[in-house]
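One structure is given below, encoded as structure tokens.
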Amino acid sequence: MKSAPNLILVGPMGSGKSSIGRRLADRLGLSFVDADREIESATGAGIPLIFELEGEAGFRERERETLLRLCRTGPQVIATGGGAVLRADNRRLLAESGFVVHLDVDLENQLRRLASDRTRPLLQRPDRGEVLRRLGEERAPLYAEVADLHFPTGGGSVRQAVEQLVELLHQSWRISPLPSTETKL
Ligand code: S3P
């Protein structure tokens with residue numbers, strides 16, 4: 001049983017990290033934070049504009065800073081962006097900072113859920129299916145490297161996924177308090 005302060009959700013775009021994470025946090029009595037929304041509020045700009053002005057490299061720097069900040073606090077449920085596992089230092093950080101769940105989704109459901117998306121810069125092109133397939137192939141080993149639990153969401157409802165996860169988490173995860181940062185005199 002892994003004992004760690006945060007519950008961290010990783011996985012591809014459209015796997016339900018935010019919708020499942022928010023509900024899961026409610027069920028577990030924890031607060032919920034979405035790394036992408038935190039990046040946007042810290043920057044004062046939406047993700048499409050950050051990509052436009054600073055490129056993906058600029059976005060990844062901001063993502064790194066945000067993950068460092070979020071992983072220092074807790075216990076909480078943290079939904080990360082699909083590319084958060086790309087950097088080795090992020091993978092180390094995530095693995096050390098919580099119990100990591102890899103929310104997985106098949107390409108068909110992913111395409112259905114993202115069909116009308118206009119907010120993800122990497123998908124604003126005609127060959128969306130091919131992009132998602134390639135990203136999935138490249139990133140699957142990276143999600144597997146950090147994950148304590150692999151959870152395929154299938155085509156079921158958010159509610160069903162949350163109930164199954166609550167059950168699995170009871171078996172394999174125990175929240176531990178963050179180490180105190182106070183210095184004892
Ligand atoms: C990205 C996924 C997005 C967001 C950004 C880049 C990616 O987050 O961080 O558009 O590289 O897969 P979601 O996974 O929440 O869609």
Side-chain angles (χ1 to χ4, degrees), residues 6-25 31-71 76-91 93-94 97-98 100-147 149-155 158 161-162 165:
N6 296 299
L7 180 63
I8 301 174
L9 304 179
V10 300
M13 293 179 260
S15 58
K17 299 182 296 291
S18 306
S19 49
I20 292 175
R22 185 166 286 112
R23 213 168 175 132
L24 191 58
S31 53
F32 171 76
V33 65
D34 184 316
D36 283 342
R37 303 293 80 77
E38 291 290 315
I39 296 167
E40 293 185 321
S41 59
T43 312
I47 290 178
L49 187 58
I50 301 175
F51 266 72
E52 197 184 315
L53 298 180
E54 301 179 348
E56 183 172 347
F59 172 75
R60 297 293 171 208
E61 277 306 309
R62 293 183 181 277
E63 183 173 52
R64 167 76 186 158
E65 285 161 23
T66 297
L67 290 173
L68 275 170
R69 177 168 61 78
L70 297 181
C71 284
Q76 61 192 341
V77 177
I78 305 173
T80 63
V85 294
L86 287 172
R87 291 173 56 144
D89 52 3
N90 282 348
R91 295 201 293 281
L93 174 72
L94 298 175
S97 307
V100 182
V101 178
H102 171 195
L103 286 186
D104 213 350
V105 61
D106 56 78
L107 187 57
E108 192 187 328
N109 278 306
Q110 201 180 13
L111 275 170
R112 184 176 51 77
R113 289 181 192 160
L114 296 169
S116 54
D117 179 75
R118 296 284 170 270
T119 62
R120 290 168 173 92
L122 299 178
L123 298 186
Q124 305 317 307
R125 36 190 291 174
D127 56 346
R128 189 172 277 205
E130 177 50 26
V131 172
L132 287 171
R133 195 199 54 73
R134 183 176 45 78
L135 290 179
E137 215 170 86
E138 287 167 8
R139 295 173 177 183
L142 307 179
Y143 296 131
E145 185 186 317
V146 293
L149 176 70
H150 177 234
F151 185 82
T153 51
V158 169
V162 169
L165 269 170

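Numbering of ligands and ligand atoms starts at 1, following listing order. One is the number of the first residue; the rest follow in order along the sequence. None of the values given here were measured: they were computed from a predicted structure.
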Out of curiosity, Leu165 CG to Leu103 CG, how far, rounded to the nearest 0.5 Å?
6.5 Å
When you look at CD of Glu108, are more than 12 heavy atoms from neighbouring residues, nucleotides or ligands closer to it than 6.0 Å?
no
Put together the list of close N/O pairs, under 3.5 Å, between ligand 1 and the protein, could you?
unit_1   : atom_1 : unit_2 : atom_2 : d
ligand 1 : 8 (O)  : Asp36  : OD2    : 2.7
ligand 1 : 9 (O)  : Asp36  : OD1    : 2.9
ligand 1 : 9 (O)  : Asp36  : OD2    : 3.1
ligand 1 : 11 (O) : Arg60  : NH2    : 2.7
ligand 1 : 11 (O) : Arg139 : NH1    : 3.3
ligand 1 : 11 (O) : Arg139 : NH2    : 2.9
ligand 1 : 12 (O) : Gly83  : N      : 3.4
ligand 1 : 12 (O) : Arg139 : NH1    : 2.6
ligand 1 : 14 (O) : Lys17  : NZ     : 2.7
ligand 1 : 14 (O) : Gly82  : N      : 2.8
ligand 1 : 15 (O) : Asp36  : OD2    : 3.2
ligand 1 : 16 (O) : Arg120 : NE     : 2.5
ligand 1 : 16 (O) : Arg120 : NH2    : 3.2

Nearest heavy atoms of Thr119 and Gln124, plus distance in Å
N-NE2, 3.9 Å
If you measure from the Lys or Arg side-chain nitrogens to the Asp or Glu carboxylate oxygens, is any gap between Glu40 and Arg37 under 4.0 Å?
yes
Closest approach of Leu114 to Met13 (non-hydrogen atoms, all atoms of both residues)
CD1-O, 3.7 Å
Nearest heavy atoms of Gly129 and Leu107, plus distance in Å:
O-CD1, 4.0 Å
